[in-house]
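Worth saying up front: this structure is predicted, and the values here are computed from it rather than measured.
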Amino acid sequence: MYENNYNYIDVPDEGNEKKKDNKVGKTIAMLLAVAVVGGASGFGGAYLQNSIAVKEEPAAPVSSESTAAPTVTESSSTNEQTGNNVVNTLLNTNSSDGNLTTKQIVEKVSPSVVGVHSSFKTQSGTSSGTGTGIILSDDGYIITNAHVVQTEVNEYVSNNNRNNYNPFGGSGDIFDYFFGNGGFGGSYQTKLKQADKVTIVLSTDDETEYEAEIIGADENSDLAVLKINAENLDLIPAEFGDSNQLTMGDKAVAIGYPLGLGLSTSEGIVSGLNRTLNVELSAGGSASMTLIQTDAAINPGNSGGPLINGKGQVVGITSSKLVNSSIEGLGFAIPISDAMPLISDLMNKGYVTNTTPQIGITGSDINNAIMRYYNLPVDKGVMVVSVSEGSGAEAAGISAGDVIIAADGKEISSMKELTAAKKGKEIGDTMVLTIARADGNIDVTLTLTGEEAIKPEAEVSSN
């Protein structure tokens with residue numbers, strides 16, 4: 001009821017002497033009205049009060065102590081600045097710490113994010129998978145997770161490595177072991193298979209698929225590098241930050257293609273640093289990974305996408321492989337500062353140098369049929385099928401036909417167990433393997449070698 005009261009105040013005309021006696025009283029009444037309006041009129045009421053005071057009071061002599069005009073000007077400027085800050089905050093376009101808003105981060109980084117689709121042909125049919133990638137360079141290199149372009153398959157592997165199939169279709173069929181595939185026998189083994197075809201879509205053009213080549217993939221680090229033909233494509237590489245500079249509580253934004261829903265974003269904070277998790281490997285055993293923990297939502301399909309700091313810089317590579325249904329509110333990302341040297345290896349060599357210590361053999365699990373056919377002295381262990389040239393196994397005198405039955409005193413009955421026995425060891429460390437031969441068991445000491453000395457074998461059953 002008071003909001004328009006000040007409109008009705010009768011301000012006397014200049015030179016009107018009759019109304020002069022009431023001028024002070026009306027001015028006071030007006031000021032009271034302004035005071036009543038108070039919070040409703042705010043800055044407008046204060047401005048009106050100052051205006052009337054200037055008009056009504058006699059002009060004061062100009063002196064260095066006169067501050068009336070500057071006071072009004074400064075007050076107006078301060079209020080305007082405060083108002084602008086409030087508006088900027090409400091519009092989500094300004095940040096007090098100098099970082100970008102989530103909207104600005106999405107606008108900056110989204111053009112550098114791609115969707116990744118992989119298809120796999122196996123003995124049981126065709127399967128597919130989806131993930132996310134990050135544009136590394138404008139000439140077409142893209143980063144993603146290894147598990148986006150790799151999958152585990154259970155396939156028949158013949159001992160002579162000529163044809164990886166079972167003509168009778170049955171696992172463990174004794175007739176096949178004796179006579180199938182030239183009579184050399186074989187077994188079903190878990191293999192790590194790369195995608196037969198990989199395509200990507202740009203976030204700026206989700207209608208066109210571009211075929212990508214797998215330059216390299218490393219299961220231990222869960223990193224992979226792809227390459228597309230970038231001719232006539234205006235690719236925008238991501239800006240990469242320093243994950244070593246992260247602190248708990250820092251802003252964290254994830255962008256990717258979760259659950260096949262299209263490009264999506266989630267926001268959170270850096271919940272923890274240097275989190276160590278053991279990830280199960282397809283060959284058996286596990287790999288230890290040091291990771292960034294975040295509460296930004298990471299779901300299947302986000303794998304290989306960016307975790308971004310407040311400056312719009314990629315500081316991590318997200319991985320849904322590190323989350324399961326029993327975990328809620330926890331996501332993990334590979335620190336970009338740790339990943340970059342490995343990514344460089346994948347780009348230049350196709351594999352990661354000196355990460356996995358190797359014995360240097362290709363082996364096959366033993367069962368009763370293989371034992372009888374080859375007249376082996378034991379019914380369990382790993383039969384050596386081949387030995388890599390220049391490996392620790394070759395130097396230790398291990399040869400095809402030997403059976404490994406123990407590693408460092410622990411019994412071994414499969415390739416998975418033999419691979420797991422290397423857990424915690426590094427290149428240059430030694431292992432004592434117990435070998436079963438027709439004339440008895442012997443212990444041999446070998447030195448584990450690295451992938452730089454031995455090109456990694458294609459099959460996971462290789463050790």
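Judged by distance alone, with hydrogens and angles left aside, the side-chain atoms of D402 form no donor-acceptor pair with the main-chain N or O of I435 at under 3.5 Å. N145 places no side-chain N or O within 3.5 Å of a backbone atom of H147 that could act as its donor or acceptor partner. S203 places a side-chain N or O within 3.5 Å of a backbone atom of S110 that can act as its donor or acceptor partner. A donor-acceptor pair under 3.5 Å links the side-chain atoms of D295 to the main chain of I269, judged by distance alone.
The OG1 atom of T265 lies 4.5 Å from the CD1 atom of I255; values are rounded to the nearest 0.5 Å. To the nearest 0.5 Å, atoms OG1 (T101) and NZ (K251) are separated by 6.0 Å. The CG atom of D345 sits 13.0 Å away from the CE atom of M340 when rounded to the nearest 0.5 Å. Expressed to the nearest 0.5 Å, how far CG of N299 lies from OG of S264 amounts to 9.5 Å.
Under the side chain to side chain donor-acceptor pair (under 3.5 Å) criterion, S137 pairs with D139, not counting sequence neighbours. For S112, there are no side chain to side chain donor-acceptor pair (under 3.5 Å) partners two or more places apart in sequence or in a different chain. Remark: N274 engages T290 in a side chain to side chain contact (heavy atoms under 4.5 Å, CB included) (not counting sequence neighbours). Under the rule for a side chain to side chain contact (heavy atoms under 4.5 Å, CB included), the partners of P300 that lie at least two apart in sequence or sit in another chain are L259, S320. With sequence neighbours left out, Q150 forms a side chain to side chain contact (heavy atoms under 4.5 Å, CB included) with A146, L192, Q194, A217, E219. Taking R275 as the reference, nothing meets the salt bridge (charged side-chain N to carboxylate O under 4.0 Å, His left out) condition, with sequence neighbours excluded. Annotation: salt bridge (charged side-chain N to carboxylate O under 4.0 Å, His left out) contacts of D138 (sequence neighbours excluded): none. Residues satisfying the salt bridge (charged side-chain N to carboxylate O under 4.0 Å, His left out) test with E213, not counting sequence neighbours, are none. D250 is linked by a side chain to side chain donor-acceptor pair (under 3.5 Å) to T247, counting only residues two or more places apart in sequence or in another chain. The side chain to side chain contact (heavy atoms under 4.5 Å, CB included) check on E209 picks up T199, V201, with sequence neighbours excluded. Residues meeting the side chain to side chain donor-acceptor pair (under 3.5 Å) test with E211, sequence neighbours left out: none.
Salt bridge absent: K410 and E417 never bring a charged side-chain N and a carboxylate O closer than 4.0 Å.
Remark: the N302 side chain and the T318 side chain contain no N/O donor-acceptor pair separated by less than 3.5 Å. Side chains of D242 and S337: a donor-acceptor N/O pair is present below 3.5 angstrom, by distance only.
You'll find the side chain of L418 reaches within 4.5 Å of the side chain of L433, heavy atoms only. L202 is not listed as a side-chain neighbour of T208, based on a closest heavy-atom distance of 4.5 Å or more. Contact annotation: the side chain of S391 never approaches that of I361 to less than 4.5 Å [non-hydrogen atoms, C-beta and beyond]. Contact annotation: the side chain of D408 approaches that of M431 to within less than 4.5 Å [non-hydrogen atoms, C-beta and beyond]. Residues Y141 and I343 fail the side-chain proximity criterion, which asks for heavy atoms closer than 4.5 Å. In this structure, the side chains of I336 and Q313 stay at 4.5 Å or more apart for every pair of heavy atoms.
Judged as a salt bridge (Lys or Arg N to Asp or Glu O under 4.0 Å), not a single pair has a partner in residues 122-137 (not counting sequence neighbours).
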